[in-house]
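This report refers to the structure that appears directly beneath it.
On a predicted model such as this, the values are computed, not experimentally measured, just so you know. These numbers come from the heavy atoms of this one structure, side chains and all, not from hydrogens, waters or symmetry mates.
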Amino acid sequence: MQLYPLLFVLLIGYIINQRFSAFKRYSIPEPIVGGIIVSIIICFFYYFGISINFSLPFEEIFMLMFFSALGLSADLKQLRKGGVKVAYFSLIATLFIIGQNTVGISISHALGLDPLFGLIAGSITLTGGHGTGAAWAPILESNFGIKNAMEATMACATFGLIIGGVIGGPVANTLIKKHHINTHYGAHQHIPKKITSDEIKIKLLKQLSLNSLVIPLLAIIVSVMGANAIHQWVLTKESIKFIIPSFIYALFIGIIIRNFITITNVLEMRNATVSLFGNASLNIFLAMALLGLELWSLVNLAVPILFILLAQTFFQIVFSSIITFRAMGKNYDAAVIAGGHCGFGMGSTATAVMNMNTIVNKFSPSPQAFFVVPIVGAFFIDIINMFILQFYLTFIY
């Protein structure tokens with residue numbers, strides 16, 4: 001494994017994120033920043049006749065580790081506490097994903113592109129984010145013959161991450177002013193001090209110990225090994241027609257392990273440790289994926305994909321302003337949730353939280369929004385998205 005390019009991607013991404021506040025403002029991960037810069041450098045050499053390739057054999061392992069950690073963070077007892085509002089918002093998110101993919105596929109047809117590019121510039125990358133996009137890309141290339149799928153997914157996911165952070169605040173602000181909404185929490189209620197990233201890191205470090213690291217790591221290893229074993233077994237069964245990526249198995253094995261531990265209470269599984277392994281795995285996986293980008297191959301697709309993404313942005317604004325806002329109660333909480341929906345519908349849960357932070361800092365707190373949106377955005381949305389994508393890929397293509 002060639003570690004030096006990987007370390008360079010992570011290091012340069014970290015340095016740039018520290019120096020330029022815009023990258024932090026839109027919650028763009030360090031490996032994305034570093035990976036795009038390295039890809040541009042590689043593209044520059046390509047046009048001078050110099051080809052640069054990297055051998056990264058453990059890319060899939062880190063992908064499976066990330067999705068295993070995602071499953072291990074899904075404590076169903078905690079999720080059930082969300083109640084009716086979580087169920088409502090999950091249904092809204094489901095309808096939105098269907099609409100998002102319908103918009104993408106329809107415009108792809110109209111532009112003469114393979115309809116699968118509509119899914120790439122749809123829920124695969126916009127709702128799914130960089131991690132889901134990078135996981136689906138090899139499958140789209142090998143099973144469906146979509147060339148440059150990785151390049152397209154990374155470009156779409158990055159666009160969505162930025163735009164999701166741009167439109168969320170204005171959408172919520174417009175709804176609040178247009179409908180003359182007053183928060184029932186009280187305009188003069190004290191807004192809690194915003195927790196800095198350094199304070200979060202210190203809090204997480206206090207929860208870490210050698211014992212707290214062992215159980216989640218073993219659970220991740222078991223999930224990865226189990227996912228690989230099931231995936232290889234399924235490949236030998238010609239009667240199984242469903243296209244199920246290996247990371248889906250890792251996700252569900254992680255869910256089973258976590259909730260078995262929660263129900264039996266035989267071991268301790270700390271969310272801080274699971275999050276640590278998950279974030280580290282995702283960063284390494286994305287850095288590896290971006291090292292293989294061939295940006296020069298996107299030239300012919302750039303304008304059509306941009307057109308689809310602009311249409312998706314318009315659809316997100318309209319859906320959040322009308323459907324999400326009305327379905328969630330047409331009140332202050334609903335407006336904040338609509339702004340958050342713009343974040344994870346186009347980018348990530350982190351972008352959603354950033355949007356909502358901006359809104360509550362300007363107006364007043366919204367505890368309900370900060371409870372509902374992260375639960376749906378961080379866990380339920382990935383499961384919902386997976387089933388919807390399976391339907392499109394299996395029964396339509």
Side-chain angles (χ1 to χ4, degrees), residues 1 6-7 9-10 13-14 27-35 56-75 123-140 149-150 153-154 157-158 160-161 204 208 213 215-231 244-258 269-293 344 347-351 374 377-386 389:
M1 179 176 173
L6 178 63
L7 294 175
V9 166
L10 296 173
Y14 174 79
S27 304
I28 302 178
E30 285 88 351
I32 301 300
V33 177
L56 302 167
F58 295 106
E59 182 179 336
E60 185 177 1
I61 297 298
F62 284 105
M63 175 192 72
L64 294 177
M65 289 178 67
F66 162 64
F67 282 99
S68 297
L70 184 63
L72 289 169
S73 67
D75 187 338
S123 72
I124 287 179
T125 60
L126 300 182
T127 296
H130 287 90
T132 302
W136 275 104
I139 297 166
L140 295 173
M150 184 64 76
T153 57
M154 292 298 99
T158 302
L161 202 64
L204 291 177
L208 299 180
L213 293 172
I215 301 303
L217 180 59
L218 288 175
I220 288 173
I221 293 172
V222 170
S223 298
V224 170
M225 294 175 63
N228 273 324
I230 295 172
H231 184 61
I244 303 178
S246 57
F247 68 83
I248 299 299
Y249 302 123
L251 177 69
F252 277 104
I253 293 173
I255 294 172
I256 292 169
I257 292 175
R258 173 56 188 261
M269 182 77 72
R270 294 186 179 180
N271 286 332
T273 314
V274 173
S275 177
L276 176 68
F277 282 123
N279 290 335
S281 301
L282 178 61
N283 283 349
I284 295 173
F285 166 55
L286 289 177
M288 289 180 171
L290 287 163
L291 278 172
L293 290 189
F344 82 74
S348 68
T349 305
T351 309
F379 173 65
F380 282 131
I381 201 67
D382 290 296
I383 305 298
I384 294 167
N385 194 24
M386 182 270 294
L389 287 172

Ile221: partners by side chain to side chain contact (heavy atoms under 4.5 Å, CB included), with sequence neighbours left out | Leu217, Met225
Atom CD1 in Ile256, atom CG in Leu251: separation rounded to 0.5 Å?
-> 10.0 Å
Minimum heavy-atom distance between Ala135 and Met63, given as atom pair plus value | CB-SD, 3.4 Å
Any idea which heavy atoms bring Ser68 and Ser223 closest together, and the distance?
-> OG-CB, 3.2 Å
Evaluate the side-chain proximity of Thr127 to Thr132: yes if any heavy-atom separation is below 4.5 Å, no if none is.
-> no
When rounded to the nearest 0.5 angstrom, what is the spacing between CD1 in Ile255 and CZ in Phe67?
-> 11.5 Å
Determine the minimum heavy-atom distance between Thr153 and Ala134, stating which atoms define it.
-> OG1-N, 4.4 Å
How close do Met154 and Gly133 get, heavy atom to heavy atom, and via which atoms?
-> CE-C, 4.4 Å
Shortest non-hydrogen contact between Ile253 and Gly226, atoms and distance | CD1-C, 3.5 Å
Straight-line distance of Ile61 CD1 to Ile284 CD1, nearest 0.5 Å | 12.5 Å
With a 4.5 Å limit on heavy-atom distance, are the side chains of Phe277 and Leu72 in contact?
-> no
Between Ala69 and Gly278, what is the shortest heavy-atom contact and its length?
-> CB-CA, 3.5 Å
Please confirm whether the backbone N or O of Ser123 pairs with a side-chain atom of Asn385, one donor and one acceptor, at under 3.5 Å?
-> yes
Under the ring-ring contact (aromatic ring centres under 6.0 Å, His included) test, which residues partner Phe344, sequence neighbours left out?
-> Phe89, His341
Report the distance from atom CG of Leu276 to atom CG of Leu213, rounding to the nearest 0.5 Å.
-> 7.0 Å
